[in-house]
There are 2 protein chains.
Amino acid sequence: MKTRKDKFGNINQREIANELGVSQSLVSKILAGRNEASPEMTGKILRLVQEKGYRPNMLVRGVLSGKTKTIGVVIPADGFFSEIVHGIHDCLTRAGYAMFLVWNDDHMVAPDSKKELEYIHSLVDRRVDGIILRPTHDEVSQMYFNEVHLRGIPMVIVVREIAPAHYDFVGTDDRAGGELAAKHLLELGHRCLGQIAGPSIVSTSRGRRLGFESAVADFGPTASCLTIEAPGFSNAKTQILELLQSTPRPTAVFAANDDAAAEIYVIAASLGLRIPDDLSVIGFGDLVFAPHLTPPLTTLRQNPYSIGENAAALMLTKCASKHKKKPAPEVMNIKFLPTLVVRGSTCAVKQRSQSV
Amino acid sequence: MKTRKDKFGNINQREIANELGVSQSLVSKILAGRNEASPEMTGKILRLVQEKGYRPNMLVRGVLSGKTKTIGVVIPADGFFSEIVHGIHDCLTRAGYAMFLVWNDDHMVAPDSKKELEYIHSLVDRRVDGIILRPTHDEVSQMYFNEVHLRGIPMVIVVREIAPAHYDFVGTDDRAGGELAAKHLLELGHRCLGQIAGPSIVSTSRGRRLGFESAVADFGPTASCLTIEAPGFSNAKTQILELLQSTPRPTAVFAANDDAAAEIYVIAASLGLRIPDDLSVIGFGDLVFAPHLTPPLTTLRQNPYSIGENAAALMLTKCASKHKKKPAPEVMNIKFLPTLVVRGSTCAVKQRSQSV
DNA sequence: TTGTAGGCGTTATCAA
DNA sequence: TTGATAACGCCTACAA
């Protein structure tokens, strides 16, 4: 007494088969592209399939094969990450994969990584073939280890590295970026440098900071750098104030990212400092607003689309080799070199401004 | 001779059951929250489930129930749509739904809507419960009708309405926006108005254009409006040039969107026209760069996050009523009123500039 | 060339 | 309180 074939859509192989008086398994074979039926039968089947608008059920295929051709992406929602997602999407789409997207808004140190775990579960329950993830911070790594690695689900980390280097990683060479920033300022003649660093629990912050500091150290004792760590990537007002009021006042400041750089603009103005004449400012990220600031911000441009594309490509490789039960390929670590974009917020140091 | 329970992960109910010497169906019942086992047994099962890290297989549930708790979103990739996606995502996540995201890059009239159809198929094959879609243009409606409506898959259209009003829609009240733009300019004393309209096959363009024109008409015969239709939302250089060189030259121009407005800035400058003194410009969209232009752009702000949230909420309603086999709820049409954001690109008309 | 049968992980029904 | 069984749509052996 069940209702069957009541809807026009959602037709299955059995219904095709019944209508043609053949067995369902024959339909399955033909649809799989195997030439195991007579030409007429093949034609009939394919025609009916077309006519009825039959569509395969990938849920079932997923259950059977253990492959859903679906990748989960857990990433924060902002312009930068949208571009990463764009790269991921395009690569996956080309390969016939679909993308579950989970915006992970906890930009900062989120003590309730429970939410992040829920996101992972939501993907695991849907049996994604792999997960591409931007971790909120280092310490959550343990959880992912248990929740993803132990299940044998391939995972690629993007943007922020996490502590145990078990995972493939695609991101920016933050350390090189920090070095580029320092070299740029040193070349302009600045010797008294300042730095607003991001939270040290985040790998990007650490990299940028270390790169900047090591380049200054390598330059020799004539150059010095005062680093102040901000608790987040923005809202660093007190730290910026502290840095700009230190003695001697730095003639150039490297901000951990463009948001902090924009805050420096505001605070510098409130102190009567002109950019770049009294203070050179260099940011990190080349976010959308960077060229629109007054003066336009000198910054380091990252490569979000490529990061996404490469992360996805890497994921597809891992999925393929897992399926073929090949030995797991060695752990990859891909880092894109950021490029220095020189705009109006940095200039050669003025001799006079050295005294305070 | 098959390999079973070889992996730590991907454990199923049967394995839990075997380990405890009970039947799999009992495990199923307990996990479903039904109190049909003895307290000790319940405890044992739940503990083992926890310990083994069992996770339900939503693929199977999907096959059985016909509900995957998954929604497909087909939308272009840019800042505006990212915000819509954000709204959709948050609403779906709250309800335990996951989101397949497909970036549909064919911003303009894409003759190869074949690609769009492929996207739809990719979602159909994964048996999404519903689809939220921003159509590329009106004419593709037929395809969706066949491919989605006939299958009984709920669909919500966002941003751009399509011809047969069968579908629920959430977007901006473009017509009201056009009216607001016209009224703003008329209030500033402008009487000779110009308009760069978008392609008329797109509902948003039509709405904005009609709203603008009807407001001018309602004002009376002392005001006039010259409308020129651009083939796309940007790259309207020739049309802009034509408009700005028409006689009499408009003292104020309404651009179909902010991109076109930005182009007007460039061309006006090349003609020696100052904004807003010689030419008032008003855009549509309040895109990220709008406040950063010089002068900052007066424009109409849309509500992308709310559009997304409402589209998702509507979708969930439809899914629920479909599942309960209630009569289909009436077709909804939700339009958010854009708000006028007055910045520096519009000002009162100068008496002298009326002559050419 | 075509068909039969078993199984994938789960839920629901009905029996013990 | 617990278990056996059918069903979901598909694929893969194996049989005719």
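Residue numbers start from 1 in every chain, and the chains themselves are labelled A, B, ... in the order their sequence lines are given, proteins ahead of strands.
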Engineer: Which pair of non-hydrogen atoms, one from A:Ile153 and one from A:Asp129, has the smallest distance, and what is that distance?
Structural biologist: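 So the minimum-distance heavy-atom pair works out to CG2-O, 4.1 Å.
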
Engineer: Under 4.0 Å, heavy atoms only, any strand: does A:Gly21 hit a base, just the sugar-phosphate, or nothing?
Structural biologist: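 Result for A:Gly21 = sugar-phosphate.
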
Engineer: So, OP1 or OP2 of D:dT2: does either fall under 4.0 Å of a side-chain N or O from B:Ser38?
Structural biologist: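 It does, given that an N or O in the side chain of B:Ser38 lies less than 4.0 Å from OP1 or OP2 of D:dT2.
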
Engineer: Cut-off 3.5 Å, side chains only: do B:Asn333 and B:Glu161 have a donor facing an acceptor?
Structural biologist: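 Yes - a donor-acceptor pair under 3.5 Å links their side chains.
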
Engineer: Checking side-chain polar atoms at under 3.5 Å, does B:Thr70 have a donor or acceptor matched by the opposite partner on A:Arg126?
Structural biologist: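 Their side chains do contain a donor-acceptor pair, which is all the 3.5 Å distance test asks for.
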
Engineer: To the nearest angstrom, how far is A:Leu20 atom CG from C:dG3 atom P?
Structural biologist: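 Value for this atom pair: 10 Å.
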
Engineer: Please report the distance, rounded to the nearest Å, between NZ in A:Lys67 and C1' in C:dC8.
Structural biologist: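 About 17 Å, once rounded to whole Å.
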
Engineer: Let me confirm one number: the CG-CZ distance from A:Leu123 to B:Arg55, rounded to the nearest 0.5 Å.
Structural biologist: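 Those atoms lie 11.0 Å apart.
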
Engineer: Round to a whole Å and report the spacing from CE of A:Met58 to C1' of D:dC8.
Structural biologist: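 One finds 18 Å between C1' of D:dC8 and CE of A:Met58, rounded.
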
Engineer: Provide the closest heavy-atom pair for A:Tyr54 versus A:Asn57 in the form atom of the first, atom of the second, distance.
Structural biologist: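 So the minimum-distance heavy-atom pair works out to OH-N, 4.4 Å.
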
Engineer: Give the rounded distance in Å between these two atoms: CD1 of A:Ile45 and P of C:dT2.
Structural biologist: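 Rounding to the nearest Å, CD1 of A:Ile45 and P of C:dT2 are 8 Å apart.
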
Engineer: Could you run down nucleotides 9-16 of chain D 5' to 3' and tag each one B, S or - for protein heavy-atom contact under 4.0 Å?
Structural biologist: BBBB----

Engineer: Can you tell me if B:Asp168 uses its side chain to pair, donor with acceptor, with the backbone of B:Met332 under 3.5 Å?
Structural biologist: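 Yes: the side chain of B:Asp168 pairs with the backbone of B:Met332.
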
